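Report on the structure given below.
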Amino acid sequence: MKDQAESLRAQLKKQHGRPAKTFAVVSGKGGVGKSNISVNMAAALAKQGSKVLLFDMDIGMGNIHVLLGLDAPYTISDFIHRGMGLSQILCKGPDNISYISAGNGFNEVIRMEDAAVGKLINEIEWLQYDYDYMIFDMGAGAAASSLQIMLSVDDIFVVTTPEPTAITDAYSMIKYICMQQFDSPLYLICNRAEKEKEGLVTLSRLRFTIKKFLGKEAEILGVVPEDSNVKKAVLRQMPFYLEYPHTSAAKKIDALLQSYITGYDSKRTGGVPLFVRKLRGLWQKNS
Ligand SMILES: Nc1ncnc2c1ncn2[C@@H]1O[C@H](COP(=O)(O)OP(=O)(O)O)[C@@H](O)[C@H]1O
Ligand SMILES: [Mg+2]
């Protein structure tokens, strides 16, 4: 009876709801600021009244709960190994941000086996109607399960810093994604730039290289400055967007989101639940 009621509710949601916009935040090199950008974009969207689910995909090494200053009683490990559902392992952060913790225990091997990916897809299919945005903070590297997520989301945000090593690693990551069947828009972000110009030059060069060698268009989303308040906020375990809303990094988060939202509003009508369809297709092909 409960199952029937649930599937009816899910069916109704599917008919009347609008699925969340999904995007993944990726990089080549670790430590470039993916998690901070994910958390603070989530905070900015939540502040504007959107319902946000932040998914920590750095499985086994996640730190979103640390950045939000919260304990995560449950993690993705409970989903994979203990049969809990996504809605049961969901935690609530500041401004009602929902997040799913990736867990950071080295004492157990946490790997997304195929069966877990299948279950994840089924649960996301329903959960996406409860949110306006689903943000995936990806770990460094590209395990099969994270690659499937990256190839399925509506949009990919690639984060680099102005350092040559971060740029070449970002390019390698983009090349790797482009070698798969990949048609989602790519948005480039330069974090930790000492000057706006330095960031823009970094991003134009990266965009040029992607176009020249991979034949793929990428959009420059913007530059987030090096800002001492970011580190201060990390130490206080609060998103800088909430703790220091007037700092330059917080203002840039607003600007980045503004240009992203304006961009897709003008290009697309939205509401097509492609994410789960793509994810399921890739998973079935690989398993
Ligand atoms: N814009 C910035 N200004 C100053 N420090 C930053 C900035 N972005 C990130 N950092 C520093 O870099 C560290 C790593 O960032 P993090 O978001 O954890 O990277 P990633 O998720 O890519 O590994 C942060 O703890 C912070 O100290
Ligand atoms: Mg991270």
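Counting starts at 1 for both ligands and their atoms, following the listed order. What you are looking at is a predicted structure, and each value in this text was computed from that prediction instead of being measured.
For ligand 1, one of its N or O atoms has an N or O atom of Asp227 under 3.5 Å away. Distances between N or O atoms of Lys34 and those of ligand 1 include at least one value under 3.5 Å. Residue-to-ligand polar distances keep Val224 apart from ligand 1: every N/O pair is separated by 3.5 Å or more. At least one N or O atom of Arg192 sits closer than 3.5 Å to an N or O atom of ligand 1. At a 3.5 angstrom cut-off on N or O pairs, Ser228 does not count as close to ligand 1.
When non-hydrogen atoms are compared, ligand 1 lies under 4.0 Å from the backbone of Asn36 as well as from its side chain. With a 4.0 Å heavy-atom cut-off, ligand 1 is reached by the backbone of Pro225 but not by any atom from C-beta on. The proximity of Asn191 to ligand 1, defined as any non-hydrogen pair under 4.0 Å, is limited to the side chain.
Distances below 4.0 Å separate heavy atoms of Gly33 from the following atoms of ligand 1: 15 (O), 16 (P), 17 (O), 19 (O), 20 (P), 22 (O).
Because its NZ or CZ atom is both nearer than 6.0 Å to the ring centre of Phe79 and within 45° of the ring axis, Lys119 counts as a cation-pi partner of that residue.
Every residue meeting the side chain to side chain donor-acceptor pair (under 3.5 Å) condition with Asp227, not counting sequence neighbours, appears here in chain and number order: Thr247, Ser248.
Shown here is Lys216, whose NZ atom has more than 12 heavy atoms of other residues, nucleotides or ligands within 6.0 Å.
Taking backbone and side-chain atoms together, Ser35 has an N/O/S atom less than 2.8 Å away from the Mg ion (ligand 2).
Between the choices Ser248, Gly30, Gly31, the shortest heavy-atom distance to atom 14 (C) of ligand 1 belongs to Gly31.
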